[in-house]
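Shown next, in structure tokens, is the structure this report addresses.
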Amino acid sequence: MACIECGRRFHDECEIGDCEECHGEADRVVKNLVTIGGDGRGHPLKEPEDVTDLYSTGRKRAAKLYPLFKDKPCEWQGKKNCGGGLPIVGCIDGLQSNRHHGPVKQVLRNEPGNVHRICTNCHHRWHAVNDPTYDEDIWNTKPHAPEEATELELIVNDVEWKSKK
């Protein structure tokens, strides 16, 4: 459903940001962050300082916004520069099994680009590389900017990780 302005094709007057014609997926997801409620009526989200169980609340919000599809490929499959922070090379053939917050690990940070549906290997690899030196202020400035990896980069990465076990 589009807003009245966009429905009348006055996209330059749109103030709601709810139509597909002139607003991207990220705009709709961010707008939906304030409308997720237990009964679907659009309850405002609590401020982070008012949440008593940060981990549970953040993870539940992420689960609604980013459902896992166990038969779909890992979002980092075939890519490099994954995850922000100290980026990693993704997997060759993983399937979605984990919801990952990063580059910023705060579970209340559920905006697009900070939550990823990835396989277990990519999840463990990102944390192995980033956890020892994690600094939220620095990682907040390092965006997730993946790009296609070559077949050789993927194979070398996989062999490198398997030889560390």
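Predicted model only: the values in this text are computed from it and were never measured.
- Under 3.5 Å, the side chains of E75 and Q96 contain no donor-acceptor pair of N or O atoms.
- Side-chain contact between K70 and L95 is absent, with no heavy atoms from C-beta onward closer than 4.5 Å.
- A donor-acceptor contact closer than 3.5 angstrom is absent between the side chains of R117 and N98.
- S163 is not listed as a side-chain neighbour of W161, based on a closest heavy-atom distance of 4.5 Å or more.
- Aromatic rings of H100 and W76 (six-membered ring for Trp) have centroids within the 6.0 Å cut-off, being under it.
- Between the side chains of N110 and H101, at least one donor N or O lies within less than 3.5 Å of an accepting N or O.
- Within the 3.5 Å criterion, the main-chain N or O of R109 finds a donor-acceptor partner in the side chain of N114.
- Between the side chains of N130 and W139, at least one donor N or O lies within less than 3.5 Å of an accepting N or O.
- Residues satisfying the side chain to side chain contact (heavy atoms under 4.5 Å, CB included) test with K79, not counting sequence neighbours, are C82, P146, E148.
- Looking only at side-chain heavy atoms (C-beta outward), R61 and V107 stay at 4.5 Å or farther from each other.
- Atoms CG and OG1, from L86 and T133 in turn, are 4.5 Å apart once rounded to the nearest 0.5 Å.
- Between P103 and Y134, the closest side-chain pair of non-hydrogen atoms is not below 4.5 Å.
- With rounding to the nearest 0.5 Å, the separation of CG in N81 from CD in E147 is 4.5 Å.
- Not one N or O on the side chain of S97 forms a donor-acceptor pair closer than 3.5 Å with the backbone of C119.
- A donor-acceptor distance shorter than 3.5 angstrom exists from the side chain of H116 to the backbone of G102, with no hydrogens or angles considered.
- V115 is not listed as a side-chain neighbour of L65, based on a closest heavy-atom distance of 4.5 Å or more.
- Of the inter-residue distances, the one linking I88 atom CD1 with H127 atom NE2 reads 9.5 Å to the nearest 0.5 angstrom.
- Other residues, nucleotides and ligands contribute more than 12 heavy atoms inside 6.0 Å of the NZ atom of K105.
- Under a hydrophobic-cluster definition in which Ile, Leu, Val, Met, Phe, Trp and Tyr are linked whenever side-chain heavy atoms come within less than 4.5 Å, directly or via other members, W126 and I138 are assigned to the same cluster.
- Here N157 contributes atom CG and I92 contributes atom CD1; the two are 8.0 Å apart, rounded to the nearest 0.5 Å.
- Between T150 and L154 the shortest side-chain heavy-atom distance does not fall below 4.5 Å.
- Taken from CG in D158 to SG in C91, the straight-line distance is 8.5 Å, to the nearest 0.5 Å.
- Taking NZ from K162 and CG from N121, the interatomic distance works out to 7.5 Å, rounded to the nearest 0.5 Å.
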